[in-house]
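Notes to accompany the following structure.
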Amino acid sequence: MKRSRPITQSLSTPPSTPPPSPHQSLTTFERPRNILKNPKPLLINPITNWNPLNIGKSELYLPLTFPTGQTFRWKQTGTVQYTGVIGPHLVSLKQLENGDVGYHFHSTRCEASAREALFDFLNLGISLCEIWEEFKASDPRFAELATCLEGARVLRQDPLECLIQFICSSNNNIQRITKMVDFLSSLGNYLGNVGGYDFHKFPNLEQLAMVSETELREAGFGYRAKYIIGTVKALQSKPCGGLQWLAALRKLDLVEAVDALATLPGVGPKVAACIALFSLEQHHAIPVDTHVWKIATRHLIPELAGSRLTPRLYKRVADAFLTKYGKYAGWAQTLLFIAELPSQKSLLSLSFCNTEENKSVKSKGRKKAAKRDG
DNA sequence: GGGAGACCTAGTAA
DNA sequence: ATTACTAGGTCTC
């Protein structure tokens with residue numbers, strides 16, 4: 001049973017003047033960066049010199065990699081152009097006309113180290129085409145989706161950044177997660193403005209520890225406020241240092257890494273799997289959320305359709321993915337997950353892919369359109 | 001040990 | 001205009 005809303009808070013009539021706070025509330029926080037209301041920087045500072053990565057769209061397609069829930073830190077700053085921060089480097093990426101991806105570092109002192117960081121971040125040591133060939137060979141459904149959704153790559157993010165982002169993600173939606181992550185990011189050192197968005201280095205543990213649970217609650221974090229505070233404290237108390245502790249998880253087996261992560265408050269099996277897959281090089285980690293649960297019960301373990309996702313069943317789903325797709329199962333899961341996103345479903349239904357899946361989506365889309373148009 | 005219920009919030013459907 | 005439910009779950013009995 002969901003708790004009813006406390007009557008002391010009237011959400012329909014927010015206070016006209018926010019309470020004094022070191023940080024603005026989430027609603028007012030986003031406003032100055034609204035790209036629609038403040039488009040000037042786009043016009044003033046267009047990026048003209050793109051360095052080619054020399055990879056095709058089938059290795060990296062930005063719209064299927066950045067705005068699909070792996071990271072909430074990157075912003076769309078132009079047409080098929082995204083901007084974000086990798087370590088201390090502010091970088092923009094753009095899908096060029098020939099399908100290649102161009103990169104541009106904003107005011108970086110050492111181009112060479114920035115480029116190395118970029119390659120690491122994009123996981124370019126792994127060939128998406130090669131591992132997808134195996135998925136396609138063992139799963140016709142994957143093959144069909146893959147032709148429509150080329151270039152959906154798994155990133156290799158900074159563990160702390162990834163951890164904090166996915167604590168925010170629990171029982172939440174992308175729009176609100178993004179606002180929360182923006183709020184925390186602003187605690188880090190300012191790097192610059194691109195396309196109307198301010199960018200900050202992700203705050204270190206000390207900077208994260210400067211904010212109180214009360215401030216986070218006032219900023220709209222809800223019950224996740226105490227998770228953030230608790231996790232930051234837990235990391236700070238590690239003998240070898242929190243960052244070191246996180247980095248060492250890359251050397252462990254998946255189960256060990258997940259168990260270690262789950263000792264942090266706000267980190268359960270799903271969030272731990274996200275962190276493992278998106279930042280700890282655990283390529284076969286399977287984050288099982290409601291979407292993935294649906295996929296699994298439809299196609300992998302239909303005998304479980306209708307039942308609730310319990311920890312035991314969580315393991316069954318992960319095992320099923322691992323059995324079917326092998327050591328890069330997490331990468332396969334990522335594509336299947338993306339195909340479930342409403343934004344992608346609408347695109348899929350427009351494409352030539354005529355899977356059973358899409359027929360049903362098309363039908364739903366038509367019904368919705370009919371309803372909308374009266 | 002696993003199964004319910006509580007937990008913040010904003011948006012949408014009924 | 002209210003109410004119920006959902007959304008990339010986790011924690012606590």
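Computed over heavy atoms, backbone and side chain alike; hydrogens, waters and symmetry mates excluded.
At the heavy-atom level, A/I167 lies nowhere under 4.0 Å from the strands shown. Using a 4.0 Å heavy-atom distance criterion, A/R224 is classed as a base contact. Residue A/F166 is out of contact with every strand shown, counting any heavy-atom pair closer than 4.0 Å.
Within the structure, salt bridge (Lys or Arg N to Asp or Glu O under 4.0 Å) contacts touching residues 235-262 of chain A (residues at least two apart or in different chains) are A/R250-A/E281. Evaluation of the ring pair (Phe, Tyr, Trp, His ring centres under 6.0 Å) test over residues 227-270 of chain A, restricted to residues two or more places apart or in two chains, returns A/Y223-A/Y227.
Applying the 4.0 Å criterion to OP1 and OP2 of B/dC8, one finds that A/R217 has a side-chain N or O inside that range.
Hydrophobic cluster membership for A/V258: A/L254 (Ile, Leu, Val, Met, Phe, Trp, Tyr linked by side-chain heavy atoms under 4.5 Å, directly or transitively).
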Which pairs would a plain distance check flag for residues 51-68 of chain A, meaning a side-chain donor or acceptor within less than 3.5 Å of a matching protein atom at least two apart in sequence or in another chain?
{"residue": "A/N51", "atom": "ND2", "partner": "A/Y103", "partner atom": "O", "Å": "3.3"}
{"residue": "A/E59", "atom": "OE1", "partner": "A/L128", "partner atom": "N", "Å": "2.8"}
{"residue": "A/E59", "atom": "OE1", "partner": "A/R153", "partner atom": "NH2", "Å": "2.5"}
{"residue": "A/E59", "atom": "OE2", "partner": "A/S127", "partner atom": "OG", "Å": "3.0"}
{"residue": "A/E59", "atom": "OE2", "partner": "A/L128", "partner atom": "N", "Å": "3.3"}
{"residue": "A/E59", "atom": "OE2", "partner": "A/C129", "partner atom": "N", "Å": "3.1"}
{"residue": "A/T65", "atom": "OG1", "partner": "A/Y61", "partner atom": "O", "Å": "3.0"}
{"residue": "A/T65", "atom": "OG1", "partner": "A/G151", "partner atom": "O", "Å": "3.2"}
{"residue": "A/T65", "atom": "OG1", "partner": "A/R153", "partner atom": "N", "Å": "3.2"}
{"residue": "A/T68", "atom": "OG1", "partner": "A/L64", "partner atom": "O", "Å": "3.3"}
{"residue": "A/T68", "atom": "OG1", "partner": "A/T65", "partner atom": "O", "Å": "3.4"}

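A/Y314 contributes no side-chain N or O that forms a donor-acceptor pair with the base of C/dG9 under 3.5 Å.
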Could you run down the sub-3.5 Å N/O contacts of the protein with nucleotides 11-13 of chain C?
{"residue": "C/dC11", "atom": "OP1", "partner": "A/G266", "partner atom": "N", "Å": "2.7"}

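C/dC13 and B/dC8 have their P atoms separated by 14 Å, given to the nearest Å.
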> Which dot-bracket string fits DNA chain B when only Watson-Crick or G-U wobble pairs with both atom distances under 3.5 Å count, crossing pairs get [ ], and | stands for a partner on a different strand?
Replying inline: ..|||||.||||||

